[in-house]
Q: 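I have a structure here, written as structure tokens, and I will follow up with some questions on it.
No experiment lies behind these values; they were computed from the predicted model shown. Note on naming: letters A, B, ... go to the chains in the order of the sequence lines (proteins, then strands), and numbering restarts at 1 for each one.
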Amino acid sequence: MEDAGFIVGSYVVTFAMVALVAWRFVRHGRRLAKQVPDDEKYWL
Amino acid sequence: MTMIDQDPLPPRASTSGTTATRATRLLGLATIMSMAWLVAFGLGFSPADRDQEEAVRILYVHVPTIWIAYLAFVVTALGSAIYLFGRNHSLGFDRLAGASAEIGVAFVAATLVVGSLWGRLTWGVFWRWDARLTTTALLFVSYIGYVAVRRLGGSHHQRARRSAVIGLLAVLEIPLVHWSVRLWRSLHQEATVLDPGGDIDMDGLMLFSLFVGVVSFTLLYVWLLMHRTRSMAMEDLLDEQGLDVALEARRAEASGR
Amino acid sequence: MPAHGTRIRSLALGGIRHVFSVAAERFGELCDVRLLPPAMDGNPRTVIELDDAVAVLGGFPALAGATLAVGAGEIVLLRGPNGAGKTSLLRLCAGLLPIVRGSGRVLGFDLATERDAIRPRVGLLGHSNGLYADLTVAENVGFWGSTVGATTGEIRAALERLGLAGRLADVRVRTLSAGQRRRTALACVVARRAELWLLDEPHAGLDADGRDELDAVLRQAAASGATIVVASHELERAGSLATRTVDVVAGQIAEQQ
Amino acid sequence: MKRRQIIQLIAAKDLRIERHSRVVANQILPFAGVTMVMFGFALDSSDVLERVAPGLVWLATLFSLLVLVQRTFAIETDDGALDALRVAGVDPVAIFWGKALALAVQLAVLEVVLLGAALVLYGAEMHVGGVLLLVTTLVAATCGLAAVGTLYGGLAAGFKGRETLLPLLVFPVVAPVLIGATRAVESALGTAGAAVSEGWPWVGLLAVFAVAFGVGGSLAFGPLVDE
């Protein structure tokens, strides 16, 4: 079953990308949100 | 001379230090749960495929990634078109297009990597000059160009207009590239037994796993889009506020003379 | 290069033509022959009207609320230190810089929505002259004149007005001095029949009689109905030329005499 | 001024600048020629060279296209002429077609030179049957490349990073031309037994590409160049 390496590898690559992108977006959002007063955040 | 001592921006509270709201938290939770299901079904419960045995499990992740990559670029094109041809040129759609393109680029990268892994198993080779794969690779480069164009500077509306045009041109390019590569590959008639994509007939548990994959990735895409557009809105806001601060400073400089 | 003999002949011809053109000019002034198109139906309407206009240059408020009115036929001097916003004010009135806040009208057209209608009627001579270095003076002026369908007669008149009809006409712009380039750029503005002249430091790089000649051309253009706004450092020189002086400080209009 | 007149005016201006400055003749054409020689060094075996000659011609054309586009917009931005054209309210579609026309003329000359170099250096043979196909391919590809070059050249013209941005934007877009033109010229020259009739679908692709980016260019050039 040497395919297992490739299969698990595909899942790891995909979810790693997802986690990286998600973390970067949230962190960037958090950093900005501190500087912007609440009444200017249209989503609150 | 009171202008100078007063803090130029009235200090207003910024309690919620994140772009999250109840909605995104709920959505995030749903995404994580459906992904857990995907992994469980994709790797565990679903049976092996007759032809490619275990390799089919990669598709439960690979197909949703391709689906989101192309969805992201369609949203970018739509956002660009609405900004360009819409009546009030609202920057919201420009930001939507930009955020979607950034997400799209990340997913195309994953598509190419996972695609070559899957190719290694099924065709025995990491890269094949297949029409779909080649088009995806060129798309990857075009949208890196799009993201680069967004950072060229100038006012927000200049950025929006320029990016919208490039976004629409990139869409115009997809059919041309796909047609030329398909015509080119048809010269080399080796049969493509298995196309990366749903051309394989799946049923029962396998189809369900694929369905869970598409659903979970779509939820993920919407979640990412909401967070990113909110951050970009704040970026533009801070630019704008930077402008107010600079305006105040210039006016102070003028009256202070 | 033309053979030696023909050079002498063309110089002589140029000389004769020059004498004639000076005579024509004197004659023109005597009986008030309008070398420029008559001003729009003569009523003293305001050509430029700015109300608290804000313009942004890469995030920086080059104009932080400028209010100004300029009537037809006036020569207005914009005075102010470097970076005060003089150039941005000129580019705003020329329809090049988008207005971000406040409002303004130039030649009766709104700065926010009708920028394109303003452009053909304005001659902006900024720090760059907008010339093609590899073309000769006559070719440059001819090109710019032809963009509005000017006849060869009008183009020759524009060259003569700026004293470029002689030997200089066939010289590549690349080899010209700064002053000669400035006069060539002005000739292009005349050839384009511009009604509003926006000149940024036009006297820079000119020698003493070059400046006198430039002032003569400006006075004559204003007399023929063109409205001229000059941004300049040289207070004493331009002061005598202008009908009104306006001080620009930190992106705003200070006091006016 | 009708748009057609302004297009001719701008194209004539560009070509006259080239006649005066001779940059394409003295710098860009030799660059294209030396590129063909470098390809020869890289591939060294003559039958391989003969087989891939059409591909190398179009690769050299694409590299030269980038240099040509940067030159055609350098003359505009050196002294703010593009800015001045916009201030003068010259119709951007006319500017696009004028510059594209001048670029197409220079590109056509370049392609003919490169094709000649391929025949000489790589020993590719011409046979009469393929001439019509060859000429139509050159025309269609040149129009497409000129339109794309002018469009993306205009975008990158005003910005600092343009040297690195232009190739990144242009190459993915012109991939269909590279594929189509190469296959069409292969059929025209009969390399590797390709029949002339196989070339015509590729010319169709090139024509559609040229029309698509001609129309796309006219619409997109104004907003891209505007301040």
Side-chain angles (χ1 to χ4, degrees), chain B residues 73 77 80-81 83-86 89 94 105 108 129 131 133-155 157-189, chain D residues 55 144 147-148 151-152 154-162 164-184 186-187 192 194 198-227:
Chain B
F73 295 142
S80 306
Y83 170 79
L84 215 52
F85 304 115
H89 295 294
D94 164 60
V105 166
V108 171
W129 289 102
L133 216 51
T134 319
T135 311
T136 311
L138 280 179
L139 209 61
F140 182 46
V141 179
S142 315
Y143 277 89
I144 289 180
Y146 172 88
V147 172
V149 163
R150 281 192 75 84
R151 286 201 202 84
L152 274 184
S155 75
H157 277 290
Q158 278 172 337
R159 175 202 69 198
R161 196 174 11 170
R162 201 180 307 125
S163 315
V165 165
I166 293 293
L168 290 174
L169 284 174
V171 170
L172 167 72
E173 177 202 328
I174 293 176
L176 283 168
V177 168
H178 196 278
W179 174 20
S180 55
V181 173
R182 192 161 38 78
L183 203 57
W184 167 37
R185 292 323 299 163
S186 66
L187 298 184
H188 308 260
Q189 260 84 17
Chain D
V148 169
L151 175 58
Y152 286 96
L155 161 80
F159 297 101
K160 294 180 294 308
R162 66 176 176 199
T164 48
L165 191 59
L166 195 64
L168 177 67
L169 290 174
V170 166
F171 271 19
V173 174
V174 290
V177 175
L178 181 62
I179 297 172
T182 306
R183 296 292 91 73
E186 272 169 6
S187 313
E198 288 165 21
W200 291 108
W202 294 109
V203 174
L205 168 79
L206 292 174
V208 167
F209 183 92
V211 168
F213 276 94
V215 170
S218 319
L219 299 174
F221 191 76
L224 278 189
V225 173
D226 240 343
E227 273 258 328

Q: Given heavy-atom pairs under 4.5 angstrom as the criterion, report whether the side chain, backbone, both or neither of B/Leu176 touches chain D.
A: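 For B/Leu176, heavy atoms of backbone and side chain both lie under 4.5 Å from chain D.
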
Q: Where does D/Leu169 contact chain B at under 4.5 Å (heavy atoms): side chain, backbone, both or neither?
A: side chain

Q: With only heavy atoms counted, which part of B/Ile166 is less than 4.5 Å from chain D, the side chain, the backbone, both or neither?
A: side chain

Q: Where is the tightest heavy-atom contact between B/Ala148 and D/Leu165, given as atom of each residue plus distance?
A: CB-CD1, 3.8 Å

Q: Distance-only check: which donor-acceptor pairs under 3.5 Å involve side-chain atoms of residues 171-184 of chain D, not counting sequence neighbours?
A:
from, atom 1, to, atom 2, distance (Å)
D/Thr182, OG1, D/Leu178, O, 2.5
D/Arg183, NE, D/Glu186, OE1, 3.0
D/Arg183, NH2, D/Glu186, OE2, 3.3

Q: Looking at B/Val149, B/Thr134, B/Leu172, which has the largest count of heavy-atom pairs under 4.5 Å with chain D?
A: B/Leu172

Q: Side chains of residues 215-224 of chain D: which donor-acceptor partners sit under 3.5 Å, not counting sequence neighbours?
A:
from, atom 1, to, atom 2, distance (Å)
D/Ser218, OG, D/Trp97, NE1, 3.0
D/Ser218, OG, D/Gly214, O, 2.8

Q: B/Leu168, B/Ile144, B/Leu138: which one forms the most heavy-atom pairs within less than 4.5 Å of chain D?
A: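 The residue among B/Leu168, B/Ile144, B/Leu138 with the greatest pair count is B/Leu138.
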
Q: To check you understand the geometry: which heavy-atom pair defines the closest contact between B/Tyr83 and B/Ala160, and what is its length?
A: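 The answer is CZ-CB, 3.4 Å.
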
Q: What class does the angle between the rings of B/Phe73 and B/Tyr143 fall in, given that below 30° is parallel, 30 to 60° is tilted and above 60° is perpendicular?
A: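 Rings of B/Phe73 and B/Tyr143: parallel, as their planes differ by under 30°.
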
